[in-house]
Amino acid sequence: MAQSQNTKVDFTIHATSMLGLTTYGNIMIGNKAFEFYNEKNVQDFIQIPWTEVDRVEASVLFKKKISRFVIFTKEGMHFTFSTRDNIKTLKEVKKYVPEDRMFRSLSFFDVIKRGLKRLFHIK
């Protein structure tokens, strides 16, 4: 079983981790780290210290709903999560990650448009 890195927990919520196979568990946001613990397998956990977080990107639908968010680390890894209330979760994350490191990810149409521009060398 993993030892929590946090000395104080600010927020806990049920979540889904989309790292490889989908796993269900709880997210704990505390003063030292972002932590995910699997409900059924205590050996399955993710701990990301706030000092290792590079940026956070949210997938926004219709300018209102956040379907999931991704945490990118300084080592180049990324972890995708979805919670029951992603907006509230990201507000709690914002306490520890500066606002200039939180982004909205590109939509499907933005990716297609960018690809076509690069394909045809349009500025």
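The chain is numbered in sequence order, starting from 1. Treat the numbers as computed from the prediction; the structure is a model and nothing was measured.
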What's the shortest heavy-atom distance between [X] and [Y], and which atoms?
X	Y	value
Ala15	Phe36	O-CE1, 4.0 Å
Ile46	Ile48	CG2-CG1, 3.9 Å
Asn31	Thr7	ND2-OG1, 2.6 Å

Answer yes or no: is there an ion pair linking Glu99 with Arg101, defined by an N-O contact shorter than 4.0 Å?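 No, this pair does not count.
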Does [X] belong to the same Ile/Leu/Val/Met/Phe/Trp/Tyr cluster as [Y], with side-chain heavy atoms less than 4.5 Å apart forming each link?
X	Y	value
Met102	Phe34	yes
Val60	Val111	no
Phe72	Tyr96	no
Ile66	Ile27	yes

Find the distance between [atom1] ([X]) and [atom2] ([Y]) and round it off to the nearest 0.5 Å.
X	Y	atom1	atom2	answer
Met77	Ile71	CE	CD1	12.0 Å
Lys91	Asp85	NZ	CG	8.5 Å
Leu90	Glu57	CG	CD	11.5 Å
Gln43	Tyr37	CD	OH	12.0 Å
Met18	Phe79	CE	CZ	14.5 Å

Do the side chains of [Y] and [X] get nearer than 4.5 Å, heavy atoms only?
X	Y	answer
Glu39	His14	yes
Asn26	Ile13	no
Thr73	Val53	no
Thr89	Phe11	yes
Phe81	Arg68	no
Pro49	Lys32	no
Tyr24	Asn38	no

Please evaluate residues Val70 and Val56 with respect to the criterion side chain to side chain contact (heavy atoms under 4.5 Å, CB included), reporting the C-alpha separation (whole Å), side-chain torsions for both, the decisive distance (0.1 Å), and the verdict. CA-CA 6 Å; Val70 182; Val56 178; over 6 Å; no
Ignoring hydrogens and angles, state whether a donor on the side chain of Asn86 or Ser67 is under 3.5 Å from an acceptor on the partner side chain.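 No, no side-chain donor-acceptor pair sits under 3.5 Å.
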Can you name the side chain to side chain contact (heavy atoms under 4.5 Å, CB included) partners of Ile112, sequence neighbours left out?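 With neighbours one apart ignored, the set is Phe108, Leu116.
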Residues that Asp100 engages under side chain to side chain contact (heavy atoms under 4.5 Å, CB included), provided they are two or more places apart: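 Result, side chain to side chain contact (heavy atoms under 4.5 Å, CB included) vs Asp100: Pro98.
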Let me see the working for Lys94 and Glu92 under salt bridge (charged side-chain N to carboxylate O under 4.0 Å, His left out), right down to the final yes or no. CA-CA 5 Å; Lys94 193 189 276 190; Glu92 293 293 327; over 6 Å; no
Across all chains, not counting sequence neighbours, the side-chain hydrogen bond (donor to acceptor under 3.5 Å, both in side chains) partners of Thr51 are none
Taking it one step at a time, do Thr22 and Thr16 satisfy side-chain hydrogen bond (donor to acceptor under 3.5 Å, both in side chains)? CA-CA 7 Å; Thr22 303; Thr16 304; over 6 Å; no
What verdict does the side chain to side chain contact (heavy atoms under 4.5 Å, CB included) test give for Trp50 and Val97, after you've listed the backbone C-alpha separation in whole Å, the side-chain angles of each residue and the deciding distance to 0.1 Å? CA-CA 7 Å; Trp50 294 122; Val97 177; 3.8 Å; yes
Does the pair Leu119 and Lys117 meet the rule for a side chain to side chain contact (heavy atoms under 4.5 Å, CB included), with working shown? CA-CA 5 Å; Leu119 182 66; Lys117 283 183 178 180; over 6 Å; no
Phe103 atom CZ: more than 12 heavy-atom contacts under 6.0 Å: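 Result for CZ/Phe103: enclosed.
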One pair to check against side chain to side chain contact (heavy atoms under 4.5 Å, CB included): Glu75 and Glu52. What are the steps and the verdict? CA-CA 8 Å; Glu75 297 169 355; Glu52 292 298 314; 3.8 Å; yes
